[in-house]
There are 2 protein chains.
Amino acid sequence: MDMKIKIVDVATKAGVAPATVSRVLNDSSKVTPKTKAKVMKIINELGYQPNAAAKNLRSQKTMTIGVVVPDISNSYFSEVIKGIGNIAYSKKYKVVICDTENNAEKELEFLNLLTTRTIDGVIMVAPMLSNEIILNFADHEYSIGIVGRQIDHERIPCILTDNVKFSMQVISHLVGLGHREIAIINGSSHAVDSSNRLEGYLKALKEHQIPFHPELIENGDFNETGGYEAFKRLLAKKIRFSAVYSANDEMALGVYRACSEHGIQIPMQLAVVGVDNNRISKYLNPPLSTVNQPKYTMGALLVEKLIDMMNENEDAENRILKVESELLIRGSSDYKIKGRE
Amino acid sequence: MDMKIKIVDVATKAGVAPATVSRVLNDSSKVTPKTKAKVMKIINELGYQPNAAAKNLRSQKTMTIGVVVPDISNSYFSEVIKGIGNIAYSKKYKVVICDTENNAEKELEFLNLLTTRTIDGVIMVAPMLSNEIILNFADHEYSIGIVGRQIDHERIPCILTDNVKFSMQVISHLVGLGHREIAIINGSSHAVDSSNRLEGYLKALKEHQIPFHPELIENGDFNETGGYEAFKRLLAKKIRFSAVYSANDEMALGVYRACSEHGIQIPMQLAVVGVDNNRISKYLNPPLSTVNQPKYTMGALLVEKLIDMMNENEDAENRILKVESELLIRGSSDYKIKGRE
DNA sequence: ATGAAAGCGCTAACAT
DNA sequence: ATGTTAGCGCTTTCAT
């Protein structure tokens with residue numbers, strides 16, 4: 001195998017036309033087993049590898065799907081990516097990953113790969129861009145799928161869990177342990193997830209007839225430092241609370257750090273519950289209670305749907321996929337507090 | 001902006017030749033500021049986006065670099081990827097990531113993107129494939145860079161830390177705490193890293209005149225379960241040891257789990273030291289002592305070197321980059337044991 | 001500084 | 001079932 005062997009080289013040596021070689025490679029059904037064998041033999045002898053750019057140009061597709069995530073080192077996203085990757089691979093698609101590092105501009109720029117026809121479709125995981133921008137791309141016939149947010153456009157498949165519902169579950173769990181002053185450390189206020197998680201929090205309080213104190217809400221931007229600082233602000237307010245619902249595990253990490261600095265004991269003095277079932281959460285001391293989402297499955301199901309829709313094998317009917325989440329009760333909230341007063 | 005605008009559409013509307021539009025986009029120097037402005041205006045009006053496949057085909061390059069890692073959800077690899085991604089991005093290169101999930105075949109298959117000219121070069125992080133195979137690709141003029149292993153070929157840049165050296169440091173640290181029976185849980189025996197880490201272990205023992213017991217060596221395949229099982233095998237042998245050097249943090253996770261099941265207290269009854277400074281390690285209880293490598297920097301430096309070499313801006317002289325690692329002493333080994341005669 | 005023309009390597013439409 | 005022909009959209013000589 002050497003130098004740039006082209007399809008015509010193979011064709012000549014095999015005594016057939018280039019088109020036949022192409023057929024052998026792409027659509028063997030339309031070719032005699034005998035010719036196929038002959039051609040394959042030459043292909044192997046010559047070590048022929050079709051040029052991807054020429055193929056892409058001619059066929060007007062790249063068999064490549066892009067994936068945009070806010071942070072590749074967060075296990076939530078890497079699990080989703082694994083799900084996408086494996087299914088895509090089984091369907092002969094390549095996957096290009098973009099780690100935006102929480103930068104919305106980078107996210108937007110990545111969508112350019114769609115417009116330059118470098119990729120055939122894109123999956124956005126927990127996107128930062130507004131619905132408006134995303135809808136605009138979909139309107140221009142680009143294929144987009146979303147993990148973790150619902151966007152209403154008939155060409156956009158989405159997969160999500162019910163944030164309101166699991167947040168209510170978390171609060172109910174805490175109430176069941178005797179907590180009545182429950183703080184919430186939420187993510188970036190513009191994120192849809194944040195408002196849904198807050199909504200669930202409020203709904204649950206109402207359901208349990210617990211008065212709502214706005215001072216018990218803080219924002220931690222979905223990262224460790226943010227969680228740490230939000231918790232410190234909570235402490236600084238000198239108001240009483242016995243539990244914290246952290247809208248993701250990363251922020252809960254910050255809560256743990258602050259607690260350790262202030263000598264606050266989890267779960268005896270403070271119950272903590274996170275969201276995501278981050279790889280780290282079960283190794284914490286105490287292990288962190290959290291909400292698990294089927295991350296791998298979410299990636300897998302969505303990419304399958306997207307590919308189907310791109311190839312129009314699929315009606316756009318059930319394009320909103322919902323999956324169940326599960327509250328994992330671990331050491332950080334496994335403690336029933338006494339009634340006080 | 002709509003439908004497929006081509007370079008000729010822009011050219012016509014701007015009253016110039018397609019070649020001029022191409023020059024504006026790629027090599028503005030050779031075009032009058034006035035023409036350039038005129039063309040740019042039309043480009044924006046029409047929302048023209050050059051077709052990547054056509055560009056790749058004609059220019060014989062894709063401005064894309066592939067990265068292969070064994071496991072994207074391991075923070076060691078995701079940090080390396082971040083380093084690669086950011087530098088590549090700043091040099092106008094795209095990055096395609098492949099998560100092999102420890103599958104050597106998938107690794108090999110990914111290299112096919114090189115032969116089909118889908119990517120211009122590839123970076124292999126802790127590759128599983130043999131030197132022989134990798135060298136063969138390099139011999140065929142493909143651009144390959146390696147993170148975490150040294151391969152001797154003048155066209156292959158490599159970046160690494162000194163595994164022997166830091167392993168000796170780890171053992172010396174443990175010896176300094178009074179340990180003399182030190183077990184090692186190593187990675188897959190065919191990995192170069194494993195043999196280097198073992199070499200360092202043996203060298204350090206010799207240096208400290210500590211007798212070597214082959215029963216104190218076990219293999220844990222670089223993953224949590226492997227570490228768990230290796231440690232159980234160690235226990236089953238009923239030989240005495242007071243410290244374990246785990247060749248990575250993942251396996252140390254397994255050691256922690258086994259210890260907790262067997263009521264073994266770290267660091268009082270057993271000192272543990274890992275390698276990688278995995279994100280999880282500092283959150284363990286007790287925090288895990290480990291060897292930190294400058295992962296982000298390693299990715300960044302290597303991709304820079306690779307790009308330089310691809311564009312022949314760089315002599316192949318100093319193609320072996322060495323970076324320093326650092327032993328982080330944390331709770332899991334921060335305990336001086338009594339001399340017992 | 002700009003234009004005209006050729007061609008990168010493949011696949012698809014049409015012809016046989 | 002296979003061959004012939006044309007062309008995907010761009011960049012790059014070579015002219016001017």
Side-chain angles (χ1 to χ4, degrees), chain A residues 2-40 42-43 46-64 92 112-120, chain B residues 1 3-40 42-43 46-64 92 112-120:
Chain A
D2 249 53
M3 299 321 300
K4 304 170 184 183
I5 314 284
K6 304 182 259 185
I7 200 169
V8 56
D9 301 326
V10 177
T12 310
K13 187 150 185 195
V16 298
T20 301
V21 179
S22 175
R23 287 189 192 103
V24 168
L25 256 22
N26 300 306
D27 189 11
S28 307
S29 66
K30 289 177 180 166
V31 82
T32 308
K34 195 175 160 187
T35 347
K36 179 176 174 180
K38 183 172 60 179
V39 171
M40 283 308 292
I42 306 295
I43 286 177
L46 263 38
Y48 167 68
Q49 298 279 157
N51 179 305
K55 189 169 182 161
N56 293 345
L57 175 58
R58 179 62 233 225
S59 62
Q60 304 282 38
K61 56 184 180 183
T62 62
M63 298 300 283
T64 304
K92 311 280 182 200
N112 244 2
L113 297 187
L114 236 27
T115 58
T116 60
R117 307 283 163 183
T118 305
I119 58 181
D120 295 342
Chain B
M1 119 179 205
M3 298 320 300
K4 305 172 186 185
I5 314 283
K6 303 182 260 186
I7 199 167
V8 57
D9 301 326
V10 177
T12 309
K13 188 149 185 195
V16 298
T20 301
V21 179
S22 175
R23 287 189 191 103
V24 168
L25 256 21
N26 301 305
D27 189 11
S28 307
S29 66
K30 289 177 181 166
V31 81
T32 309
K34 195 176 158 188
T35 341
K36 180 177 173 179
K38 182 172 60 181
V39 171
M40 283 308 293
I42 306 295
I43 287 178
L46 263 39
Y48 167 67
Q49 298 278 157
N51 178 306
K55 187 168 183 162
N56 293 346
L57 175 59
R58 180 64 233 224
S59 61
Q60 304 282 36
K61 56 184 181 184
T62 62
M63 297 301 282
T64 304
K92 311 280 184 200
N112 245 3
L113 297 187
L114 236 27
T115 59
T116 61
R117 307 282 163 185
T118 304
I119 57 181
D120 295 342

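Letters A, B, ... mirror the listed sequences (proteins, then strands); counts begin at 1.
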Task: Donor on one side chain, acceptor on other, B/Asn112 and B/Thr115, under 3.5 Å - done: yes
Open item on the list: What I want to check is whether the side chains of A/Lys55 and A/Asn26 have a donor and an acceptor closer together than 3.5 Å.
Closed with: yes
Quick one: is [X] getting a side-chain N or O under 4.0 Å of the [N] phosphate, OP1 or OP2?
{"X": "A/Thr20", "N": "D/dG3", "answer": "yes"}
{"X": "B/Ser59", "N": "C/dC8", "answer": "no"}
{"X": "B/Gln49", "N": "D/dG9", "answer": "no"}
{"X": "B/Gln60", "N": "C/dG9", "answer": "yes"}
{"X": "B/Thr35", "N": "C/dT2", "answer": "yes"}
{"X": "B/Asn26", "N": "D/dT11", "answer": "yes"}

Task: Heavy-atom closest pair, residues A/Val16 and A/Val39 - done: CG2-CG2, 4.1 Å
TODO: Quick one: closest heavy-atom pair of B/Met63 and B/Lys92, and the distance?
DONE: CE-O, 3.8 Å
Open item on the list: Taking the minimum atom-to-atom distance to the side chain of A/Ala17, which one of D/dT4, D/dG9, D/dA6 wins?
Closed with: D/dT4
Task: Nearest-neighbour nucleotide for the B/Arg23 side chain, C/dG9, C/dC10, D/dT13 considered - done: D/dT13
